[in-house]
Every structure is written in C-alpha cells, then in structure tokens.
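Below is one structure, written out as structure tokens; comments come after it.
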Amino acid sequence: MERAKNVSRAAHKMKAFVRFRRTCDDQGEAWAAWFEPAHRVLERTAPFFQRRFTTMRWSILTPDGSAFWDGETLRFGPPASRDMAPAEDEIEAFWKTYYASTFNPARLKVKTMQGEMAKGYWKNLPEAALIPELVASAQVRMEAMVAAPAPDPNARFAKAMARDVHQDRPDAEATPDSLAAVERGVQACRRCPLYRDATQGVCGEGPKSARLMIVGEQPGDQEDLAGRPFVGPAGQVLDRALKEAGIDRSDVYVTNAVKHFKHEPRGKRRLHKTPNAGEVQACRWWLDAERRLIRPKVIVALGATAGLAVLGRKPAVMRERGRPLDLADGATGVLTVHPSYLLRLPDAAARDAARAGFIDDLSAVRRLLA
Ligand code: URA
C-alpha cells in the first residue's frame, strides 16, 4: 500500500519536474530531458508526455531506461547517463528569469515548498539553482515591500471615486465634532469605493482622554465582521506586545488609516488587499478628525500605510522606526512594523527577532509617554 503510494507520487513528480532542453539533430529540432525518478515510473509516465507534447520530438533519459517520441511512435530504450542529455539552453535562462520574477517573498513557506518539490529533485531543475538565493533574500525583500508605500490610484479608481463622492450625505460631509459624529460619518462615507464590499466601517475605539493613539492599516476580515479594530490575529500579536512593553491597551485609542476592509474573494475566503494612496488620502478625513478630537501626545503608526496616513508622506519604516518624529499637530509620531508582518515571517528565529524589535519600539513609546 505504502509502496503503491510512493510509486504514484514519483509518477506525479515526474510529470511536474521533467524539464526539456532543446537540441538539434539531422531531422531538425528535438527536445531531451535528464530525469532521476524516485521509482521506475518511466513507462507509466511516458504516455502523459506523449499526449502533452504530441507535436514535438522528445527523449526522456533516466538511469533506468529512456523513452523516445518521434511524433508517431513511443519507444523505450536502455538506461542513460546525465552526460547524454544536452547542457543548459537559452530557453532555460528565460525560464529562470520568469521563475525569479514570479517568486513572491511574502508568500514564502519553505516547508510547504520543500514538501512539494523534494530536495532530491532539485539538482535537475534549472530553477532550483535560484531557490537558496531567493529564500535568503526573501526577508530583505519582504521588509522592502512592507516599507514601500501603496502605488498611486489608477484612472479607473479616480473615476470611481469621483462618481462616489455624494454631496447629499450630511453625516459624511460635515466636519465631525465628536467621536459619535465620526462613527456616523464613517458609516455614511462614500469618499472612496471601499464601502461597497465591506460589511461596515470600523472606527477607532478607546478612551477620549487617551495619550497614546495607535494607527493600523485597515480592518481585517474579523474586524470587518465585528466592527472593532484589531480583534483578529494581528490584534492578538499587538495586545501581547503592548503588554510586554508595559502598555495597557485599555488606555490606548486604537484605530486604522482606512476604515473599510479592502479585500478580494478567493473561494470562501476574503483576502486582504493593501489600500492604495488614493484610498488612504480619502480616509485621512476621518483619521484627522479622530486626531483632533483625541489630541494624543504620541501617535504610533503600524507599517507603511499607517505611516503614510499619519505623516502625510511616504515613510521608510525600517530606517525611521522607533524614534520620535515631530508631527504638524504637535503630537509625537513613532513608526514601527505592522503586527501582520510578524505573522508572515517564515521561520521562528526571524519571528522572534522581529517581535523583540516591535516590543523595543513600543517600550520606547512607553518612555515617551512617561
Ligand atoms: N490590521 C490592521 O491594520 N488593523 C486592524 O484593525 C486589523 C488588522
């Protein structure tokens, strides 16, 4: 039973990992691949390649035997050796460039990747040569992505925004003079199209007398349903870090740069999408109102989107984090990473280090408040 499963897995891997290289013989273009299957699966897998690459002439060379397709007949031959297969061709260079450019460091899951693409297969996969470097640079690229501002809105967005700014919504248009008015205004807001797909607007919460305001990016899936900021997984990371830094969340006014959940459906899930600069700018109306009404001494911005909303400029989160920044309204700003960034880090050591840095930044905030 176990063996049958392993054989079937080896056949599946062979279908996924055979990489042909272009060669030429007296009849013209042909393709050849060297492959080392984990079991003797060449005979049962070759018909798959025959169906898939019917119009090509190809050979698959393995240590157990070879398969040849000439466009009409599938034949099997003796075992081969690696040096009988052609060396890297120019198409391989294109493939590597494509693979590297589609590699998303934010989605890196090393264990899953190695489960799918067991290391034994790497030596014959051209793209595998790139993997150690891509994995090693993933954290740096992730940090750069976290620190980068959202792109400017495109023309379609600007048009939708113009269509959606209704003048006949007094709650949404009047300058709010209380947190209750902010709440009403956010629920009536049409300043950008994000209200359309969200369950509700999510305003800040916390005491009006709070000396510390924490600004996140936007409500997530759970916040959108609950109508309260930072109650999901990122909220739990934030709560724990605040506690370790000696800050009581019940003393803090916690809010977001953008008040509606931006997402796209993926099956039954709603996947977070980063708000763009136009959406952040539209929602600053509400954040600025919260700032005027609360008048906090210190404002912490979690991540690049919050930094953009609080500072009114593109922040360099990793360079500027943890130190006091003068804000136009007299408050002191402090930039740090977003707690979701800690949740996305692939390995425990990187997560621990990033968490320690996050707690250090929040401890510096506690000292500023003292
Ligand atoms: N992430 C945020 O930025 N804000 C929330 O409220 C929840 C998750």
Side-chain angles (χ1 to χ4, degrees), residues 106 142-143 145-150 179 182-183 186-187 189 192 194-195 197-207 210 212-243 247 249-264 266 269-277 279-284 286-291 294 296 299-311 314-315 317 321 333-345 351 354-355 358 361-362 365:
M142 257 290 300
E143 286 172 6
M145 281 164 71
V146 168
L179 291 175
V182 172
E183 172 71 37
V186 165
Q187 301 313 338
C189 184
C192 83
L194 295 185
Y195 73 91
D197 296 325
T199 308
Q200 57 194 315
V202 179
C203 286
E205 71 176 17
L212 173 60
M213 175 183 280
I214 295 184
V215 183
E217 183 195 79
Q218 62 165 354
D221 183 69
Q222 295 194 27
E223 288 80 11
D224 169 81
L225 297 172
R228 297 179 52 212
F230 281 105
V231 293
Q236 285 167 24
V237 174
L238 176 63
D239 287 353
R240 243 176 286 138
L242 282 172
K243 204 165 173 191
I247 297 173
R249 175 161 169 175
S250 65
D251 292 337
V252 183
Y253 187 86
V254 179
T255 191
N256 282 302
V258 169
K259 308 296 195 232
H260 286 102
F261 177 34
K262 182 175 181 180
H263 59 276
E264 65 184 6
R266 186 72 56 82
R269 296 173 59 213
R270 301 189 298 169
L271 291 192
H272 161 276
K273 280 186 84 178
T274 305
N276 62 37
E279 289 150 354
V280 172
Q281 179 57 29
C283 220
R284 276 183 85 193
W286 304 116
L287 179 63
D288 287 351
E290 290 176 301
R291 285 171 66 170
I294 304 284
I299 304 180
V300 173
L302 303 174
T305 303
L308 175 63
V310 170
L311 302 175
K314 168 185 169 176
V317 177
R321 64 184 292 177
V334 177
L335 278 168
T336 186
V337 293
H338 192 284
S340 303
Y341 162 66
L342 310 185
L343 289 169
R344 286 195 300 262
L345 287 173
R351 240 181 350 257
R355 221 175 77 79
F358 186 43
D361 291 346
L362 294 177
V365 168

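As the structure lists them, so they are numbered: ligands from 1, and atoms in each ligand from 1. Small disclaimer: the values here were computed from a predicted structure and weren't measured. Each residue takes its place number in the sequence, starting with 1.
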- Output yes when D197 and R270 qualify as a salt bridge under the 4.0 Å nitrogen-oxygen rule, no when they do not. no

- Message: Give the atom numbers and elements of ligand 1 that come within less than 4.0 Å of a heavy atom of G220.
- Response: 7 (C)

- Is it the case that Q218 and H272 place a side-chain donor and acceptor less than 3.5 Å from each other? yes

- Look at ligand 1 and say whether H338 reaches it with a heavy atom at a distance under 4.0 Å. yes

- Task: Give the atoms of ligand 1, by number and element, whose distance to some non-hydrogen atom of G216 is under 4.0 Å.
- Result: 3 (O)

- Note on the structure: In short, L287 meets N256 closest at the heavy-atom pair CD1-O, 4.3 Å

Show the atom names and distances, to 0.1 Å, of all donor-acceptor pairs under 3.5 Å that link a side chain in residues 229-240 to residues at least two apart or in another chain.
unit_1, atom_1, unit_2, atom_2, d
D239, OD1, R249, NH1, 2.9

- Is it the side chain (CB and beyond), the backbone, both or neither of E223 that lies under 4.0 Å from ligand 1, heavy atoms counted? side chain

- Query: Do any N/O atoms on F230 end up under 3.5 angstrom from N/O atoms on ligand 1?
  - Reply: yes

- Task: Determine, for E290 against K259, whether the closest basic-nitrogen to carboxylate-oxygen distance falls under 4.0 angstrom.
- Result: yes

- Query: How close does the nearest protein non-hydrogen atom get to atom 4 (N) of ligand 1, and which residue and atom is it?
  - Reply: N256 OD1, 2.7 Å

- Task: Using the test ring-ring contact (aromatic ring centres under 6.0 Å, His included), find all partners of F261 that sit at least two apart in sequence or belong to another chain.
- Result: H263

- Note on the structure: heavy-atom search around atom 2 (C) of ligand 1 in the protein gives Q218 O, 3.0 Å

- Item | Numbering as shown, the atoms of ligand 1 that approach E217 to under 4.0 Å (heavy-atom distance) | 2 (C), 3 (O)

